[in-house]
Amino acid sequence: MDALIPVVVATPSHSGLSAVLTWAHPHPLPPGTLVRVPLGSREVLGIVWDGEAPDADPTAVRPVTEVLDALAPLDGRWRELVAFAGRYYQRGAGEVALAALPPPLRELDGVQLARRLKRRAKVTPPADGAPATPPPEPSAEQAEALAGFAAARQPLLLFGSTGSGKTEVYLRAVQQVLDADPAAQALVMVPEINLTPQLEARFAERFGRAQVTALHSGLTPAQRLTSWLAAHSGQARIVLGTRLAVFASLPGLRLVVVDEEHDPSYKSQDGARYSARDLAIYRAKLENDAHPTPECEPAHCRVILGSATPSLESWHAAETGRYQRLTMPARIGGGALPRLRLLDLNHQPRGAVLAPALVDALAERVARGEQSLLLINRRGYAPVLACHDCGWKSGCPACSAHRVFHKLDRTLRCHHCGHTSRVPRACPECGNLDITPLGRGTEQLEEVVAQSLAHVRRADGQPVRVTRMDADSTRLKGSLEAQLQAMHDGEVDVLVGTQMVAKGHDFRRITLVAGVGVDAALFSSDFRAPERLFSLLMQAGGRAGRDATIQSPSELWVQTGYPQHPLFEALKRHDYPAFAAQQLKDREAAAMPPFAFQALVRAEARTQDVAQGFLQAASDAGTGLPGQDQVTLFPPVPLTVQRVANVERAQMLLESPSRAALQRFLAAWQPALLQTRQGPAGRGLVRWAVDVDPLGL
Ligand code: ADP
Ligand code: ZN
Ligand code: ZN
């Protein structure tokens, strides 16, 4: 008789199919083995799972088509991680597991895979010369942090100023771990793909190319497969990547680093909406449960979360002793953090985009051969085009949002659905020729800066060079790298950009950073907006003054109509702990995360009634389920941008003082949601999804 094999395949939880299905094979297969199995009329990749095969009609059980045993099975901790992520984020284990594998693996058959592995084994790793420059001596603070790391049993929060040399701590922590065990592996995550090449270069220089591999969505499918296999086989000892790397197969995992741990891009916004930072903590815990060490020794697998402005969740965990905090307040080389200068918009000339004092400050920097960074969180020229005669505005026909005016290519573009058209010559409603842009974005700021500084000469007598960096200017492959390089090479005097310019870069000659148009965040309905603004300004300011040999003081300027706002008080003193303490007090008083736990259900439908009706019916179906007594279900509401691409969007918030109760309820509620979807209240629904620990409400 054939053995019954439990296998997970990529069935989305919404399909109603259970996570684990049953196939037959002449003999049992070890869990974690990759197999190809027939599913309906297709053949798909699956993973042999743990436990008993679920009951199935014996006559309907079909045989496994092929066993991909050229590849070692995925280990037990990896399977537990994936199963946990599926449960916690309300998706199928199979969906999470298969999405975590590199796409080409889903297509290769056994023969192709074996050929692939053989070819890989033959490739000789590139020869490594001696490191070009010897590693620097650790500073006193770095040494202390590393001593803390050497003994750590808890997750570590490395709270280090911008420019304090956190990367050097990561490098040496990795070194410690790799030296201690020839099979050890380390995972180092960064928020953005554009930060991986820099980091890769530094790790490759220290450890040699052959030891390091990268995993992120910017790789070709073939590259991703190669990297994945290198990690899975243990050949790559260091994996650098973005959030998706948290699911890499790393049989020797001993260290996980999450750099810039506060960054929202660690939270996935589609499919399983997982937080790679939170899963990193869980992943290390799984390793440690499997490999307990004596009290006097460090944990088997350690985690470092690093940031100059930690998330309030992580900060709270450090305050309450769940994480161990390592602090590095000083900058390498003794450079000072930038001085804050607030420009009160109530006392500026009417209509001025940039305050005259700021223009002067920029001009001085240019003349001295220093660089400046100007930050605005909107791309395009202006967020709206309007007619003052009849009140027409450049609304999007498909969304409840305005289309953004892009002057460079004369288009109106919707940033929600992509709808694009040419800018009308005259008002489409009344024919008025004088339609005007309202508000400002990166394009306009670039234009204004260039005009205001047209008379200024660089130290070398050349005219000033202003450039813009945002999602538009970096769309083409390689353009981002080129722009960053130009910045590093000093070819740019003033860089205007969105928040992408604020992240992690080690620009050496910046002495002035300015934030424009930040006030909306001070009064946003999103309770996380102040946290995000504080960290954005602190991080952006952190790009300045990194070279202590430049004598002139570095400054962070902020144009605001509310200079008295307490957020700026803390920013002035570079006092993240004070800011965090204040925010945590507010959050506790209002019973908000991290003192409460949230989940969102989002629904999309042709009409708002259907979207909300589905949520209401689902809410009703949750009455009396386990955990519900500790969970508040708020009424369904439309999203801020209610309609996108002609689809109406609504959401419902769930909140609980207990994470466990919320999880208990969500697990019990999942079948009810599926049933509601299939019942009358689900008619006309386009899609729905649960977001656990959502970042934006
Ligand atoms: P952070 O990530 O904390 O902002 P970085 O890791 O980018 O800081 O370090 C800032 C700069 O200091 C980098 O140019 C780095 O090469 C340099 N650096 C770091 N540690 C040392 C050290 N111990 N001695 C000399 N230079 C160092
Ligand atoms: Zn008009
Ligand atoms: Zn639109």
Side-chain angles (χ1 to χ4, degrees), residues 75-78 80-81 84 135-160 164-190 199 202-203 206-207 211-212 231 234 236-241 245-246 248-261 276-307 310 313-328:
D75 68 35
R77 276 100 57 221
W78 187 88
E80 275 186 73
L81 174 73
F84 169 80
E137 258 327 287
S139 68
E141 285 182 356
Q142 284 172 332
E144 199 176 319
L146 283 161
F149 170 77
R153 296 188 60 81
Q154 290 167 288
L156 296 165
L157 179 62
L158 178 60
F159 172 49
S164 61
K166 293 186 284 297
T167 312
E168 184 60 32
V169 173
Y170 306 150
L171 284 160
R172 287 190 177 254
V174 169
Q175 185 84 63
Q176 277 187 25
V177 162
L178 298 197
D179 286 350
D181 174 354
Q185 290 179 300
L187 168 63
V188 180
M189 289 193 285
V190 287
L199 199 67
R202 282 182 77 176
F203 273 83
R206 187 70 57 91
F207 297 98
Q211 306 255 53
V212 184
R237 302 190 63 199
I238 304 166
V239 171
L240 305 177
V246 78
S249 166
L250 292 156
L253 186 64
R254 293 300 178 84
L255 169 61
V256 187
V257 173
V258 185
D259 189 25
E260 311 291 2
E261 67 90 31
R277 176 191 66 215
D278 296 352
L279 286 181
I281 300 280
Y282 192 81
R283 190 165 184 176
K285 178 185 139 45
L286 286 173
E287 292 289 341
N288 293 331
D289 289 349
H291 305 95
T293 51
E295 263 324 307
C296 56
E297 279 179 30
H300 176 82
C301 180
R302 281 165 282 173
V303 195
I304 307 178
L305 309 182
S307 177
E313 281 79 4
S314 301
W315 188 256
H316 182 60
E319 292 283 280
T320 51
R322 267 190 302 129
Y323 296 173
Q324 182 188 339
R325 185 163 40 216
L326 306 171
T327 308
M328 300 200 301

(message) Does any part of the side chain of P135, heavy atoms only, come nearer than 4.5 Å to the side chain of Q175, both counted from C-beta?
(response) no
(request) Please determine if R206 and E168 form a salt bridge, counting it only when a charged side-chain N lies under 4.0 Å from a carboxylate O. (result) yes
(request) Give the minimum heavy-atom separation between P251 and R77, together with the two atoms involved. (result) O-NH2, 3.4 Å
(request) Of all the heavy-atom pairs spanning L187 and V246, show the shortest one and how long it is. (result) CD2-CA, 4.0 Å
(request) Work out which heavy atom in A236 is nearest to a heavy atom in A231; give both atom names and the distance. (result) CB-N, 4.1 Å
(request) Taking the side chain as every heavy atom from C-beta outward, state whether R153 and N288 have any pair of such atoms under 4.5 Å apart. (result) no
(message) Once ring pair (Phe, Tyr, Trp, His ring centres under 6.0 Å) is applied, what residue pairs with a partner in residues 136-159 remain, sequence neighbours excluded?
(response) F159-W315, F159-Y576
(message) Here's a test for you: under side-chain contact (heavy atoms from CB on, under 4.5 Å), which of V256, I281, L158 qualifies with L305?
(response) I281
(request) Would you check if E261 and P310 make a side-chain contact, meaning some heavy-atom pair closer than 4.5 Å? (result) yes
(request) Taking the side chain as every heavy atom from C-beta outward, state whether M328 and V169 have any pair of such atoms under 4.5 Å apart. (result) yes
(request) Give, for atom OG of S249 and atom CD of Q185, the distance between the pair rounded to the nearest 0.5 Å. (result) 8.0 Å
(message) Nearest 0.5 angstrom please: S307 OG to L157 CG, how far?
(response) 7.5 Å
(request) With rounding to the nearest 0.5 Å, note down the distance linking OH in Y282 to CG in L279. (result) 9.5 Å
(message) Strictly below 4.0 Å, N to O, side chains only: are E287 and R283 in salt-bridge contact?
(response) no
(request) For E137, look at atom CD and say whether over 12 heavy atoms of other residues, nucleotides or ligands are found less than 6.0 Å away. (result) no
(message) I need the E144 CD to L326 CG distance, nearest 0.5 Å.
(response) 8.5 Å
(request) Kindly compute the distance separating NZ (K285) from CD (E80), expressed to the nearest 0.5 Å. (result) 9.0 Å
(message) Less than 4.5 Å apart, side chain to side chain, heavy atoms only: is that true for Q142 and R172?
(response) no
(request) Provide the closest heavy-atom pair for A183 versus D181 in the form atom of the first, atom of the second, distance. (result) N-OD1, 2.7 Å
(request) Calculate, to the nearest 0.5 Å, the distance between atoms NE2 and CZ belonging to H291 and R254 respectively. (result) 6.5 Å
(request) Kindly indicate whether the side chain of F203, heavy atoms from C-beta on, has any atom under 4.5 Å from the side chain of Q211. (result) no
(request) Determine whether L255 and I304 make a side-chain contact, defined as any pair of heavy atoms from C-beta on separated by less than 4.5 Å. (result) yes
(request) Measure the shortest side-chain to side-chain distance between R325 and E319 over non-hydrogen atoms and say whether it is less than 4.5 angstrom. (result) yes
